[in-house]
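The model shown is predicted, which means the values in this text are computed figures rather than measured ones. Just so we're on the same page: letters track the sequence lines, and every chain starts at 1.
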Amino acid sequence: MTGRPGLGTLAAFIAELRAIGLPISVSENVDATAALMAMPLVDRASLKSALAATLVKDSDHYGAFELVFDIFFSGRPPGADPAPGPDAAGPDAAGPAAAGNGAGRDGVLAMLSDAELNELLLRAVAAADRVLIRAVVDEAVSRYAGIEPGRVVAGTYYLYRTLSKLDLDTLLERLLQSADAANLSAMDRRLARDDYTKRVDAVRTEVEAEIRRRLVADRGAEAVAGTLRRPLPEDVDFLNASQQQLAAIRQAVQLLSRKMAARLAHKRRHNRRSTLDFRRTIRQSLGNGGVPVDLAFRKPHPAKPEIMLVADISSSVAAFASFTLQLAYAIRSEFSRVRSFVFVDGIVEVTGIFESAPDMAAVAHHINSGTGAVRLDGHSDYGMVLESFWDQWGAQVRKRTSVIILGDGRNNYHSSRSWVLKSIRQRARHLYWLNPEPVYSWDSGDSIISEYRKHCDKMVECRNLRQLKAFVEGLD
Amino acid sequence: MSERQTEVSASVEAEGSSLLGSPELVLQGLRSVGYLPNERIASVVYLGERLAKPVLVEGPAGTGKTELAKSVAAMSNMRLIRLQCYEGLDEAKALYEWNYKKQLLRIQSEQVSRPAGSPGSSPWSELESDIFSEEFLLARPLLAAIRAPEPVVLLIDEVDRLEVETEALLLEVLSDYQVSIPELGTIASTQKPLVFLTSNNSRDLSEALKRRCLYLYIDYPSVEREKEIVRSRVPGIGEHLAAQVSGLVRSLREMDLKKRPSVSETIDLAHTLFLLGADEITPQLAADTLHVLLKYQSDIEKAAAELTARR
């Protein structure tokens, strides 16, 4: 059992996953241990699949698992000291083989100039030679990253330094030029482009992984995991998510919307008692000699609610609005109608645009091309917006309509005109307000949220997907 | 065999482990029946058998989840028992059902042949124990898998279509490999079936179910693997064409489409091109055959526009 990670490592690994938010129960912990005993751990990949199969039960969480796995079982320890990694025991297809080659080439690579190293990387990427790529990346990180031992950092700066020297964008351009030179058709060019982009991305990931490995060798897995800890997609705060995180959220919303639609449909159909279908019951009983063994019930067909979404799309909360609108449209089959309105200091209806192209980019384009969402200075003015909503569409708010307002209630010191909400509430079935700000900052600064709050059926904090999901599930 | 047993003597499931050998053997076995797994798939299948735990397979439609279970059955010569899930599936269709009609017949024939009160008529208790015996039990897939004398593969397909409450039906079978029937008692399995559950992820499965299973996410295959799949499924196809097909599909999957092409559609496309006698995909040919891959007109238009756009 020399190659197996000790129980201590496994416990620390699981503790880190739990800290990120993966729900790992005690029995899954036991399973993971059993899986490690049962699995012939010939390489790092088999260790990884054994742990993934027992610990990660949600595909959204796999990314987080992968990162932590790389930190704890980084495989190839850089430097001479053979750390007790799982790879130490067996011949790894990629890890030690590459390390062995790398060591052999290290001497050669170290003698190359920076330009030659880049040239070599270009050739390696063009030939998709993974071993050579690893070796070059290894050398590049030693050369450019300038890692200072003992510093508590996430390595972003090291990454930036290495990547700026490797200049992957130029590399991609050159690869594409060579593809262009081959006189390909537009389609083949597109395919080649996708292919090269993938490969260059892989180099970037490799650099990241290499820097992480060195950080781990320097400070130990647990410390590095603590610095690198990132929330799961469903826990990322809408208001300060990075580009990458936004992309992850967008993907999660797609998946979530399918689940929500199924859930809501199911809830609608099963929530109420159905009546006995007498004819079908008797018909079915004929097979049993007239004994009504199975009762047949009529399927209920409850009416679907109508939804009006009124979303603030000023820059501070735009991301939040876009996800909520995206989600609402993805599950619109569960409502009789979804109408949407966007505003900054003027308000427009965008239902038509969303129905033809359920894509935030198209909507953003439409809004920028001069509709009424921005009238004056581009600072949100809730009071004015609510009043013009009431004037134009107030009469269309009906008993089956739920009005949902998305916004932070930061009114830039304009008047609140909260009487509008009172009137809406009298007409509508429900009036909800989703606020993407944390509760503790409500009413701070120019936020006048509590003036609106008293007129709403419910005002909820909605900072991440988890909260958004909980809200939608509670809708009726 | 005796050597083996000393080798794995520490393991209680030694008997089970002889079935699928090692992840490497699983990999080869699956290949031999025409399913090209990656290492992860092979490892999890092996673990599922070794730990006697069900394997929950999730992933986009058309990536070979159901096929995996079928192939495992084929490679190990086991019988495949399949439970197709749908909304409204209940105990009577998943576990077992009493054969009411036969029971009624039995009671009626009793009354006819030996009217009550006549000498020799059996008391009610005897009749009752008679009509609630195995003879009147209709075994549905789950019970059938438990009662099978030989090792079987149990496939519970599209488990996400079950309602949350019905999911609980599976739990006893999945964790203890047994079924409780009030009239008969508990029926435990003689051998532990290999269980695969598939899900298209249309809703979150309950924690209880997930906890009992190993989890395997089958994503779209990498370009290299897909190329290999194409070559194995469409014998005779050229290397270059296969590479082009998988490259094209990969690019399409990156686009923002309503429905992304599945692996089976990739194979369909490769077949089509092969039958058309094409050596490579020209833009014209791609535009003509996109409908094999994409099933929405808006997707086809979008993809065609993106593929032919001069950047």
Per-residue contact mode, B/Leu248 against chain A (heavy atom under 4.5 angstrom):
both

Which bit of B/Ile281 comes within less than 4.5 Å of chain A, counting heavy atoms only: side chain, backbone, both or neither?
both

Pairs of heavy atoms under 4.5 Å with chain A: top-ranked of [options]:
{"options": "B/Leu214, B/Thr282, B/Asn201", "value": "B/Asn201"}
{"options": "B/Gly48, B/Pro283, B/Ala92", "value": "B/Pro283"}
{"options": "B/Glu24, B/Glu280, B/Gln108, B/Arg250", "value": "B/Arg250"}

Step by step, would you call A/Lys57 with B/Leu56 a side chain to side chain contact (heavy atoms under 4.5 Å, CB included)?
CA-CA 9 Å; A/Lys57 306 278 169 93; B/Leu56 170 62; 6.0 Å; no

[atom1] of [X] to [atom2] of [Y]: how many Å apart, nearest 0.5 Å?
{"X": "A/Asp58", "Y": "B/Lys210", "atom1": "CG", "atom2": "NZ", "value": "4.5 Å"}
{"X": "A/His61", "Y": "B/Tyr217", "atom1": "NE2", "atom2": "OH", "value": "13.0 Å"}
{"X": "A/Asp43", "Y": "B/Ser43", "atom1": "CG", "atom2": "OG", "value": "8.0 Å"}

Is the closest side-chain heavy-atom distance between [X] and [Y] below 4.5 Å?
{"X": "B/Arg211", "Y": "A/Asp31", "value": "no"}
{"X": "B/Arg212", "Y": "A/Glu28", "value": "no"}
{"X": "A/Ser46", "Y": "B/Pro23", "value": "no"}
{"X": "A/Ser49", "Y": "B/Glu39", "value": "no"}

Could you tell me which portion of A/Ser59 (side chain, backbone, both or neither) has an atom closer than 4.5 angstrom to a non-hydrogen atom of chain B?
both

Portion of A/Lys198 that has a non-hydrogen atom of chain B nearer than 4.5 angstrom
side chain

Are more than 12 heavy atoms from other residues, nucleotides or ligands located less than 6.0 Å from atom [atom1] of [X]?
{"X": "B/Lys259", "atom1": "NZ", "answer": "yes"}
{"X": "A/Phe297", "atom1": "CZ", "answer": "yes"}
{"X": "B/Arg161", "atom1": "CZ", "answer": "no"}
{"X": "A/Arg18", "atom1": "CZ", "answer": "yes"}

Locate the shortest heavy-atom distance separating B/Val44 from A/Ala53; write the atom from each residue and the value.
CG2-CB, 3.8 Å

Can you name the nearest heavy-atom pair linking A/Ala50 to B/Leu47, along with the distance?
CA-CD1, 3.7 Å

